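What follows is a short report on a single structure.
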Amino acid sequence: MKISVRDLSFGYYAVPLFDRFSVDLDGGDSGRPLVILGPSGCGKTTLLKLLGGLLKPQSGQILFSGEGTTGQTAKTAFMFQESRLLPWLTVLQNIALPLEKEFGKEEAQARARHFLSLVFLEEKALAYPAELSGGQAQRVSMARAFAWPSPALFMDEPFQSLDIPLRISLMDICLSLNERENYKKDRLLVAVTHDPREAIYMGGRIIILGAPGQGIVFDRTVDLSGEDRAYGSAPAAALEREMLAHLVSAAR
């Protein structure tokens with residue numbers, strides 16, 4: 001799936017974050033996520049919310065093309081920095097509840113159990129969010145996001161509060177889910193992060209936004225093997241240095 005942004009303008013309190021901003025967004029040919037970086041305040045999360053329909057452009061258009069989409073409308077799923085699980089529902093209920101209107105209660109529960117198994121938490125189906133670790137809560141949030149049948153899934157720094165080994169583990173699960181889903185349909189996963197290493201590890205295409213109103217200052221399709229994407233590898237380090245130069249320049 002592709003999202004086309006055309007002449008998008010949006011800002012807060014007369015401060016423009018985007019001024020007639022245009023870009024075609026996809027994950028490249030690899031089927032991996034599109035990853036967006038940028039300095040603090042550049043509009044990364046705002047752009048994600050605009051793409052996902054949580055905010056409306058002040059002018060311009062956001063158009064979807066691909067399976068399950070019609071022009072300016074598309075079902076979208078979100079995964080946020082916090083798990084946002086409802087504390088009075090069990091893990092299984094948290095995943096199934098959004099699915100019931102689409103599938104009915106019985107099929108929603110079956111689908112919820114299936115995606116819970118894909119994040120290796122079948123044994124936590126009847127647990128409540130307070131009984132989960134932070135990493136487990138984020139895995140439930142990931143299962144809920146992927147279980148929703150959307151052609152676009154938006155992730156806003158969902159791994160930022162995790163230590164590096166756990167972060168890598170969750171990124172691997174996310175990539176596995178994304179590959180599995182893309183086998184069935186052309187889902188676009190768009191992730192925002194502040195970490196260049198995370199972007200290199202996951203991204204099929206990496207975009208860096210400049211200062212507010214500046215637009216895109218770096219746009220690269222990442223053609224690296226899994227080994228070369230690993231934290232600490234020489235090719236990843238070289239790409240990280242290049243990305244950091246753009247990020248530092250944009251933050252000045």
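These figures come from a predicted structure and were not determined experimentally.
In this structure, I173 CD1 and I168 CD1 are separated by 12.5 Å, a value rounded to the nearest 0.5 Å. Remark: L25 CG to R205 CZ distance equals 6.0 Å, nearest 0.5 Å. Here the OG-CZ distance, from S233 to R197, works out to 11.5 Å after rounding to the nearest 0.5 Å. With values rounded to the nearest 0.5 angstrom, L170 atom CG is found 10.0 Å from L177 atom CG.
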Query - Full working for salt bridge (charged side-chain N to carboxylate O under 4.0 Å, His left out) between R6 and D24 - result: CA-CA 9 Å; R6 294 289 175 264; D24 289 326; 2.7 Å; yes

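In terms of heavy-atom proximity, I208 sits nearest to M243 at CD1-O, 3.7 Å. Shown here for Y201 and R32, the closest heavy-atom pair between the two residues is O-NH1, 3.0 Å. Between L224 and I200 the shortest heavy-atom distance is CD1-CG2, 4.2 Å. Residues V217 and L209 come closest through the heavy atom pair CG2-C, 4.1 Å. The minimum heavy-atom distance linking A147 with L99 is given by the pair O-CD2, 3.5 Å. Minimum heavy-atom separation, L17 to T46: CD1-OG1, 3.8 Å.
Hydrophobic clustering places L54 together with F18 (ILVMFWY residues linked when any side-chain heavy atoms are closer than 4.5 Å, directly or through intermediates). In the hydrophobic clustering of this structure, Y128 does not group with L89; members are Ile, Leu, Val, Met, Phe, Trp, Tyr whose side-chain heavy atoms approach within less than 4.5 Å, directly or through other members. Following chains of ILVMFWY side-chain contacts shorter than 4.5 Å, one can reach I216 starting from L34, so the two form part of one hydrophobic cluster.
With a 4.5 Å cut-off on side-chain heavy atoms, Q160 and D195 do not count as touching. The side-chain heavy atoms of F10 and K49, taken from C-beta on, include no pair separated by under 4.5 Å. Within the 4.5 Å cutoff, side-chain heavy atoms of L51 are placed close to those of V5. Contact of the W148 side chain with the R144 side chain is not registered, since no non-hydrogen atoms from C-beta on lie closer than 4.5 Å. Side-chain atoms of S83 and V140, non-hydrogen and from C-beta on, never get closer than 4.5 Å to each other. The closest side-chain heavy-atom distance from P33 to L175 is below 4.5 Å. Put simply, the side chain of S59 does not reach to within 4.5 Å of the side chain of D7, judged on heavy atoms.
At a threshold of 4.0 Å, the pair R220-E242 counts as salt-bridged, since one of the basic side-chain nitrogens sits closer than that to a carboxylate oxygen. D223 has no carboxylate O lying under 4.0 Å from a charged side-chain N of R229, or vice versa, which leaves the two without a salt bridge.
The residue from M171, Q81, Q138 that alone fulfils the side chain to side chain contact (heavy atoms under 4.5 Å, CB included) condition with F159 is M171.
Ring pair F80/F78 is parallel by interplanar angle, where below 30° counts as parallel and above 60° as perpendicular.
Heavy atoms of other residues, nucleotides or ligands lying less than 6.0 angstrom from CD of E106 number 12 at most.
With hydrogens and angles ignored, the 3.5 Å screen pairs no side-chain donor or acceptor of R20 with any backbone N or O of S9.
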